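Have a look at the structure below before the remarks.
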Number of protein chains: 2
Amino acid sequence: MEKIDETDRVLLRALQIDGATSLDSLAEIASISVNTCWRRIKRMEEAGILSKRVALVDPDKVGLAQTVFVAIRTRDHSAAWLERFAGAVRAIPEVVEFYRMAGDVDYLLKIQVGSVPDYDRVYKALIARVDLADVSATFAMECLKNTTELPI
Amino acid sequence: MEKIDETDRVLLRALQIDGATSLDSLAEIASISVNTCWRRIKRMEEAGILSKRVALVDPDKVGLAQTVFVAIRTRDHSAAWLERFAGAVRAIPEVVEFYRMAGDVDYLLKIQVGSVPDYDRVYKALIARVDLADVSATFAMECLKNTTELPI
DNA sequence: TGTGAAACACATATCTA
DNA sequence: TAGATATGTGTTTCACA
């Protein structure tokens, strides 16, 4: 693991808020030269600390305001089954997050769709592909916070 | 609501994957001139469809690999209480997502920390600020997918 | 919509402390 | 290891046709 000092953290915080911040501004914020700043960012990109730059799209504005959390219990716990299951779920673009959990729920999915009927289509696609013991959906009524900023 | 055509969608898809894609490439992908491309993107930025450009940081590489989902039930359901509660929760940087839910869980938080003891500190900070009926945490063992790309 | 030019930003080299 | 300076190239932004 690459080590990160406080200056790196300052850069990461700024880039998490605005990924288009210029090198000039970043150098000023971190009180280092533009040159050093460029080298640090390049290093963090190469180390995979800064994984990518993306544009964020407002879900409301494109008709994808419905967030659904889906808790899944499975029958089969073999490695081969998991691999098949994980592949199938990852391939569904509406599934934006997907975790294997501790506790009595085996997997948790976060699904982003436009409406409840849209969710139903994703649900059907899901159960058509793999055999699941229990699938239970909970709908979000309101998004109070959703950030890509990690607490660095 | 601004209307979005298929060309806009092509641009959004490309920018969701790589927010640093040059206007030249975007224009080529969408088969439009650089100029038109620039104007479309500007329009979508102004309309808030493209909400921001950010750099994504790999949680593993900065020691924030532990994701915790916290289901909360409340005693008080007044608007004033909700406002106070929402403000307090939003201000906690470890809380990266926060939803008001339908069903028997009132709120769901996604918390990003480095370890279980770190989560405990966030938990204590949370219950110190607001009175909650029931708080139950579930830990993620493995992240199988986590994307900012909406299924546009 | 398209052209083009000015302004800006990036990536790298070289030299210095 | 970090900073100053210089420079060719690429990119964005915008006025005008």
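Please read these numbers as outputs of a predicted model, since none were measured by experiment. Chain identifiers are assigned alphabetically (A, B, ...) following the order of the sequence lines, protein sequences preceding nucleic acid strands; residue numbering begins at 1 within each chain.
Side chain of R73(A) to backbone of D104(A): a donor-acceptor contact under 3.5 angstrom is found.
Using a cutoff of 4.0 Å between basic side-chain nitrogens and carboxylate oxygens, E97(B) and K110(A) are scored as salt-bridged. Salt bridge annotation for D5(A)-R40(A): present, with a cationic side-chain nitrogen under 4.0 angstrom from a carboxylate oxygen. Comment: D8(B) does not engage K3(B) in a salt bridge, judged by the lack of any side-chain N to carboxylate O separation of less than 4.0 angstrom.
Residues Q112(A) and T67(A) bring a donor and an acceptor atom of their side chains to less than 3.5 Å of each other. Side chains of T74(A) and D76(A): a donor-acceptor N/O pair is absent below 3.5 angstrom, by distance only.
If you chain together hydrophobic residues whose side chains sit under 4.5 Å apart, V54(B) and V62(B) never meet in one group. When hydrophobic clusters are built by joining Ile, Leu, Val, Met, Phe, Trp and Tyr residues whose side-chain heavy atoms come closer than 4.5 Å, directly or via intermediates, Y107(A) is not grouped with V105(A).
Looking at residues 19-32 of chain B, you'll see that no heavy atom sits under 4.0 Å from any atom of DNA chain C.
We find that CZ of R39(B) is positioned 13 Å from C1' of dT12(D), with the value rounded to whole Å.
OP1 or OP2 of dC14(D) lies within a sub-4.0 Å distance of a side-chain N or O belonging to K42(B). Regarding contacts with the backbone of dT13(D), a side-chain N or O of W38(B) is found under 4.0 angstrom from either OP1 or OP2.
When DNA chain C is scanned 5' to 3' for any atom under 4.0 Å from a heavy atom of chain A, the first and last hits are dC10(C) to dA13(C).
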